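A short worksheet on the structure shown next.
Since we're looking at a predicted model, the values are computed, not measured.
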Amino acid sequence: MALLVDTGSDPWLIRHESCEKLYREIVKELNQRNALPKTSIKFSEISAVVRMKLKQFNTEINELSSILTSLNSLTSEEEERRERLLEDLQSKYVQLNNMHKTSGIAAPEASSGNWFDQDDSDVPLLGEEENVSSSALREQQRKLLAEQEKGLENFSGIISRQKNMALAINTEIDLHNEILDDIGTRMDSTNVNINRETTRVRFISNRDNTCGYWIVILILFFCIVGVALA
């Protein structure tokens, strides 16, 4: 069973409770991470957060150990009790560190109390775990970078195709502008021809009217001459 400790105003017990709270947070995040695919970005993000909190957890445990060593006002029973609490935290750190390196295994519930009664020989050395973790993290980052590069290449291909389409549309627009300019030139030439032909028609029409007047004049002239000779 978990030990229930009345922290009161004792600084050491307050720090101990802070360590227990951090432990529960790490357990919760490990369970969330292990429910995700190993290749997902969220899995890597939670792993990075857990790794930072594990370092903080270890630092706080070391601080508790240093403070406990410097305390001289404790009874032997209280000192032994706190040493057991400290050993409990150290065991939890080892187990959490192991869980962090192993995906697919659920972390223990935060309320499960002492769960460190397994054989310590089954737990890999921390240095080896760190090397494995670093190698796995680098491999994960390499895969993520490869996926990002592939996405950028696809995006670059889309941009290139859009550029080619824009150039083709621009060429088509230039061709249409040339056709419109040619149509405008032909229309201007047609207007000039129409105006010229209209002028000629008017001239011919006026000339035809003048001929009619001369014919009438000649007829009248011949009539007058005939009357005079009669």
Side-chain angles (χ1 to χ4, degrees), residues 1-68 80-151:
M1 296 178 58
L3 294 175
L4 299 177
V5 180
D6 182 13
T7 60
S9 59
D10 191 312
W12 193 93
L13 294 178
I14 293 174
R15 282 176 174 266
H16 176 269
E17 179 61 27
S18 176
C19 282
E20 290 287 353
K21 181 179 179 182
L22 183 57
Y23 158 71
R24 291 190 292 270
E25 292 177 359
I26 296 173
V27 168
K28 181 179 179 181
E29 290 177 348
L30 280 173
N31 285 330
Q32 290 177 350
R33 185 200 69 167
N34 291 341
L36 299 171
K38 292 176 61 176
T39 57
S40 66
I41 296 176
K42 189 66 176 177
F43 184 96
S44 299
E45 292 176 350
I46 296 179
S47 295
V49 172
V50 169
R51 185 165 55 254
M52 293 176 59
K53 289 189 176 183
L54 280 173
K55 291 181 179 179
Q56 179 185 352
F57 189 56
N58 188 41
T59 300
E60 293 187 8
I61 291 174
N62 292 332
E63 290 177 354
L64 280 173
S65 179
S66 299
I67 295 173
L68 183 60
E80 290 179 1
R81 187 177 72 86
R82 296 192 183 192
E83 287 177 354
R84 287 195 299 271
L85 292 175
L86 187 59
E87 291 174 357
D88 179 35
L89 289 175
Q90 291 170 344
S91 297
K92 287 179 178 179
Y93 171 75
V94 172
Q95 295 296 331
L96 284 177
N97 203 42
N98 186 39
M99 290 296 177
H100 175 240
K101 305 303 182 291
T102 308
S103 62
I105 299 178
E109 296 296 332
S111 60
S112 62
N114 297 337
W115 49 274
F116 52 92
D117 54 351
Q118 67 178 40
D119 186 1
D120 288 343
S121 61
D122 294 336
V123 180
L125 296 177
L126 295 182
E128 295 177 356
E129 289 182 353
E130 291 294 337
N131 292 334
V132 173
S133 174
S134 299
S135 176
L137 182 59
R138 284 195 297 270
E139 180 65 19
Q140 184 68 23
Q141 290 175 342
R142 187 188 66 78
K143 291 180 180 180
L144 291 176
L145 289 175
E147 292 177 0
Q148 291 176 352
E149 289 178 358
K150 184 177 180 181

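When every heavy atom of Asn58 is checked against every heavy atom of Tyr93, the shortest pair comes out as CB-CE1, 3.6 Å. In plain terms, the two heavy atoms of Arg33 and Phe43 that are nearest each other are O-CD1, 3.3 Å.
Evaluation of the side-chain hydrogen bond (donor to acceptor under 3.5 Å, both in side chains) rule for Gln56 yields Glu60 as partners, not counting sequence neighbours. The side-chain hydrogen bond (donor to acceptor under 3.5 Å, both in side chains) search around Arg15 returns Glu63, not counting sequence neighbours. For Glu25, the salt bridge (Lys or Arg N to Asp or Glu O under 4.0 Å) partners are Lys53, not counting sequence neighbours.
Taking CG from Leu85 and SG from Cys19, the interatomic distance works out to 11.0 Å, rounded to the nearest 0.5 Å. The CD atom of Glu17 lies 13.0 Å from the OH atom of Tyr23; values are rounded to the nearest 0.5 Å. Atom NZ of Lys101 and atom CG of Leu96 lie 10.0 Å apart (nearest 0.5 Å). How far CG of Leu13 is from OG of Ser18: 12.5 Å, rounded to the nearest 0.5 Å.
Ion pairing between Lys92 and Asp88 holds under the 4.0 Å rule for side-chain N and carboxylate O. Between Glu29 and Arg51, no side-chain nitrogen of the basic residue sits less than 4.0 Å from a carboxylate oxygen of the acidic one, so the salt-bridge criterion is not met.
The main-chain N or O of Ile61 is never found under 3.5 Å from a side-chain atom of Ser65 such that the two would form a donor-acceptor pair.
Side-chain contact between Leu22 and Ile26 is present, with heavy atoms from C-beta onward closer than 4.5 Å. When side chains are defined from C-beta on, Leu36 does not count as touching Glu45, because their heavy atoms never get closer than 4.5 Å. The shortest side-chain heavy-atom distance between Leu64 and Leu68 does not fall under the 4.5 Å cut-off. The shortest side-chain heavy-atom distance between Leu54 and His100 falls under the 4.5 Å cut-off. Using a 4.5 Å heavy-atom threshold, the side chains of Leu86 and His16 count as separate.
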